[in-house]
Amino acid sequence: MWSLMFVTILALSRAMSETINLPNNEWQYSFHVDYENNQFLLDGKSFQYISGSFHYFRTPRQYWRDRLRKIRAAGLNAISTYVEWSLHEPEPGQFNWTGDADLVNFLNIAQEEDLLVLLRPGPYICAERDMGGLPYWLLREVPNINLRTKDADFVRYATLYLNEVLNKIRPLLRGNGGPIIMVQIENEYGSYYACDTEYMDMLKEIFIKKVGNKALLYTTDGAFASLLRCGFISGAYATVDFGTANNVTNSFLSMRLYQPRGPLVNSEFYPGWLTHWGEPFQRIKTEAVVKSLEEMLALGASVNFYMFYGGTNFGFTSGANGGTGVYSPQLTSYDYDAPLTEAGDPTPKYFAIRDVIGRYLPLPNMSLPTASPKGNYGPVLLEPVLKLLDNRSPFVVIRATGDQPKTFEALSVNQGFVLYETNLPPSISDPAILHATTKDRALIYIDNQLRGILSRIDKIFTIPLESPYGHRLSLLVENQGRLNFGNEINDSKGISDVNISGIPLTNWNMTGYTFSDVSSLRDITTIRIDSGTLNKGPAFLRGKFTIVGQPLDTYLDTTGWGKGVAFVNGHNLGRYWPLVGPQITLYVPAPYLREGENELIILELEYVSQTRKMKFQSVPNLGTL
Ligand SMILES: *[C@@H]1O[C@H](CO)[C@@H](O)[C@H](O)[C@H]1NC(C)=O
Ligand SMILES: *[C@@H]1O[C@H](CO)[C@@H](O)[C@H](O)[C@H]1NC(C)=O
Ligand SMILES: *[C@@H]1O[C@H](CO)[C@@H](O)[C@H](O)[C@H]1NC(C)=O
Ligand SMILES: *[C@@H]1O[C@H](CO)[C@@H](O)[C@H](O)[C@H]1NC(C)=O
Ligand SMILES: *[C@@H]1O[C@H](CO)[C@@H](O)[C@H](O)[C@H]1NC(C)=O
Ligand SMILES: *[C@@H]1O[C@H](CO)[C@@H](O)[C@H](O)[C@H]1NC(C)=O
């Protein structure tokens with residue numbers, strides 16, 4: 001009879017063990033740790049997983065099955081996905097589990113495609129997503145909230161969310177016949193300053209109640225004792241994450257400090273890497289990936305690639321790294337230099353990994369994927385139709401006044417822009433120096449004329465202004481993505497400490513803009529603007545293009561433009577910023593297109609190309625090394 005310990009109930013670190021004899025039918029669907037033999041047991045049999053991260057929230061649902069099938073075809077037997085709280089609860093108590101947020105459908109498709117699932121519901125997920133997946137409204141409801149701690153408000157909201165998601169997925173746990181073999185508690189908690197073990201214990205209670213022994217509870221931390229120390233919790237299986245630059249042996253030795261027995265696990269093995277605006281596109285060499293993979297599999301380790309397929313940060317969903325004065329927002333693309341590209345096409349890395357896997361697991365008898373055909377729809381002429389700050393703008397979601405500027409969150413503006421306006425005092429000393437602590441980027445206008453830019457990325461919070469006395473100051477502030485990692489994820493947006501030559505500025509008018517529906521622009525007629533720098537504020541431009549036959553995936557080339565946001569048939573493709581790069585094209589999935597007439601709308605913030613054209617092409621340009 002098997003002798004093992006249920007890690008969901010007992011922790012090895014507690015010097016305590018128990019032999020459990022299960023009736024035979026209880027083995028049929030189960031996932032456990034066999035501590036004696038340092039292995040997992042799937043349905044009672046020895047099991048090693050090779051998994052790939054794929055976040056459903058970065059891909060239109062029409063493509064979920066295609067990507068999952070390609071992951072299986074590479075020989076992987078599992079996938080891992082985060083669950084994004086902010087997607088599923090965009091406002092408190094308003095849950096959304098439909099359309100591209102239909103997690104259960106995604107998990108069902110995974111099972112149909114013969115893949116097991118490692119589920120990571122957070123509440124915090126990092127994932128290079130806005131605020132690490134936490135909903136912005138936490139900062140509105142409780143301005144001084146202590147995120148990811150036992151703060152009663154945070155725990156109350158997190159509990160409501162976790163109960164909701166864990167109830168949803170319960171039938172899909174392995175013990176109930178579903179694909180979910182492991183469920184992660186929190187995420188790299190040992191990297192967070194708080195080290196709040198009471199908080200982790202509170203979360204653990206929720207997970208134990210909802211998951212029990214129907215799947216294995218686990219934690220993931222960087223492969224260093226210092227990180228595992230606050231991330232490990234007794235009663236959950238402790239795993240580590242590390243990439244090709246780390247020594248495999250030493251990394252697993254770190255895991256062994258906190259998980260002395262049981263199978264070795266790398267929960268995030270990085271075959272690629274994330275990229276921030278303004279840096280070269282990050283790549284990891286295939287040779288290095290294959291070498292580390294081989295080493296781990298030879299040790300019998302279970303491995304999850306982060307990411308096997310990255311996808312796209314559509315809309316305003318990308319986050320930022322930084323803290324203590326540093327701010328580095330991530331690209332719209334989450335291609336990640338992963339084995340499958342942003343468009344789901346296999347790369348040489350994909351096939352090299354498959355070759356290695358084939359030496360350890362039986363490869364499925366499936367046809368190998370090839371790159372999907374891409375559309376080359378050519379240039380689209382864009383005509384200006386509206387200035388963002390025009391009184392007719394249909395995108396105003398809130399107008400407010402205040403002695404001091406309010407944050408985006410206080411104004412309930414999750415994503416987008418807030419215009420802060422005040423009248424400058426009639427006479428102040430010369431020269432005038434404007435100071436505003438800015439999150440994240442502010443276009444400065446005096447009487448509607450552009451005078452400069454404040455930038456959190458470049459740490460520019462001060463600017464001289466020539467003779468602004470008695471005039472109207474307008475600061476159009478852009479949220480470029482909340483921090484997703486580190487100790488400052490309570491990254492509320494807006495401006496503060498605004499003064500001109502030391503005189504504090506008060507009496508603010510605030511106007512919030514978001515773009516959930518750009519179709520209202522259809523009724524608006526053409527306006528005139530000059531090409532080049534947009535001295536009088538951002539503008540919407542619109543163009544039409546025709547697709548003959550079945551639409552194909554394509555890439556929108558933003559070369560020659562400044563900085564902005566692009567929409568195709570109402571779908572927000574995300575931010576573009578070719579002036580800074582490295583990303584030049586935006587991925588356009590075919591499900592966003594239609595046969596016949598299509599519409600491209602852009603909101604350009606800073607610079608209108610002389611050609612006034614953007615082009616749909618068949619190849620991506622994410623910048624070269
Ligand atoms: C649910 O979320 C999806 C994905 O973001 C979105 O497309 C859909 O409109 C949302 N549904 C509702 C009812 O808000
Ligand atoms: C963010 O949270 C930390 C920890 O609670 C706190 O020290 C800091 O003041 C907060 N920052 C803001 C901007 O609220
Ligand atoms: C990893 O570290 C171990 C122990 O320090 C060492 O023996 C081994 O050579 C290292 N492996 C690599 C690939 O550097
Ligand atoms: C693999 O699949 C093909 C097509 O379905 C089938 O003809 C072939 O017999 C299969 N091979 C094996 C070894 O199962
Ligand atoms: C603020 O709004 C009020 C009311 O609409 C308006 O009278 C005033 O001119 C505005 N102030 C600025 C600086 O735009
Ligand atoms: C104005 O801003 C500057 C720059 O941060 C700061 O040093 C100064 O103390 C501020 N002055 C006042 C009166 O708030």
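Positions are given from 1 along the sequence. Side chains included, hydrogens not; waters and symmetry mates left out as well; all remaining heavy atoms used.
- For R472 and N448, the side-chain atoms include at least one donor-acceptor pair closer than 3.5 Å.
- For the residue pair G278 and P582, the shortest heavy atom distance occurs at N-CD, 4.0 Å.
- Side-chain contact, R129 with S318: no donor N or O sits under 3.5 Å from an acceptor N or O.
- Annotation: side-chain hydrogen bond (donor to acceptor under 3.5 Å, both in side chains) contacts involving residues 508-519, sequence neighbours excluded, comprise D517-S519.
- No side-chain donor-acceptor contact under 3.5 Å links D241 to the backbone of E268.
- For the pair Y420 (side chain) and K406 (backbone), a donor-acceptor distance under 3.5 Å is present.
- With sequence neighbours left out, the side chain to side chain contact (heavy atoms under 4.5 Å, CB included) criterion links T332 to W277, T312, R575, Q583, L586.
- Between I547 atom CD1 and E595 atom CD the span is 9.0 Å, to the nearest 0.5 Å.
- Looking at heavy atoms from C-beta onward, W137 lies out of side-chain contact with E409 at the 4.5 angstrom threshold.
- With 3.5 Å as the limit, one finds a donor-acceptor pair spanning the side chains of S412 and R140.
- A donor-acceptor contact under 3.5 angstrom links the side chains of N321 and N484, judged on distance only.
- Classification of E606 and R441 as a salt-bridged pair holds, one side-chain N sitting under 4.0 Å from a carboxylate O.
- Here the options are F545, Y555, Y592, the test is ring pair (Phe, Tyr, Trp, His ring centres under 6.0 Å), and the partner is F616; only F545 passes.
- The closest side-chain donor-acceptor pair between E599 and N569, if any, does not fall under 3.5 angstrom.
- At distances below 3.5 Å, at least one donor-acceptor pair connects side-chain atoms of K70 with backbone N or O atoms of G344.
- No side-chain donor from either of D102 and Y56 sits under 3.5 Å from a side-chain acceptor of the other.
- Pairing each heavy atom of L534 with each of E604, the nearest pair is CD1-O, 3.3 Å.
- Using a 3.5 Å distance cut-off with no hydrogens or angles, the side chains of R148 and N487 do not pair a donor with an acceptor.
- Under 3.5 Å, the side chains of T437 and D497 contain a donor-acceptor pair of N or O atoms.
- N376 CG to L552 CG: the interatomic distance, rounded to the nearest 0.5 Å, is 10.5 Å.
- Checking H88 against N96 by side-chain atom types alone, no donor-acceptor pair falls below 3.5 Å.
- Y334 and E128 share a donor-acceptor pair across their side chains, judged by distance under 3.5 Å alone.
- With H55 as reference, Y306 is the one residue of Y309, Y306, F106 to meet the ring pair (Phe, Tyr, Trp, His ring centres under 6.0 Å) rule.
- Seen from the ring of F54, R67 does not count as a face-on cation partner, given the 6.0 Å and 45° thresholds.
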Margin query: Could you walk me through whether I489 and R482 satisfy the side-chain contact (heavy atoms from CB on, under 4.5 Å) test, starting with their C-alpha distance in whole Å, then the side-chain angles of each, then the deciding distance to 0.1 Å, before giving a yes or no?
Written below: CA-CA 7 Å; I489 49 175; R482 295 183 183 84; over 6 Å; no
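- Side-chain atoms of D491 never come within 3.5 Å of backbone atoms of K493 as a donor-acceptor pair (strictly under, hydrogens ignored).
- In the model, E89 has a side-chain atom that pairs as donor or acceptor with a side-chain atom of W85 under 3.5 Å.
- Atom CG in L382 sits 11.0 Å away from atom NZ in K544 (nearest 0.5 Å).
- Annotation for Y587 and F314: closest pair O-CE2, 3.9 Å, computed over non-hydrogen atoms.
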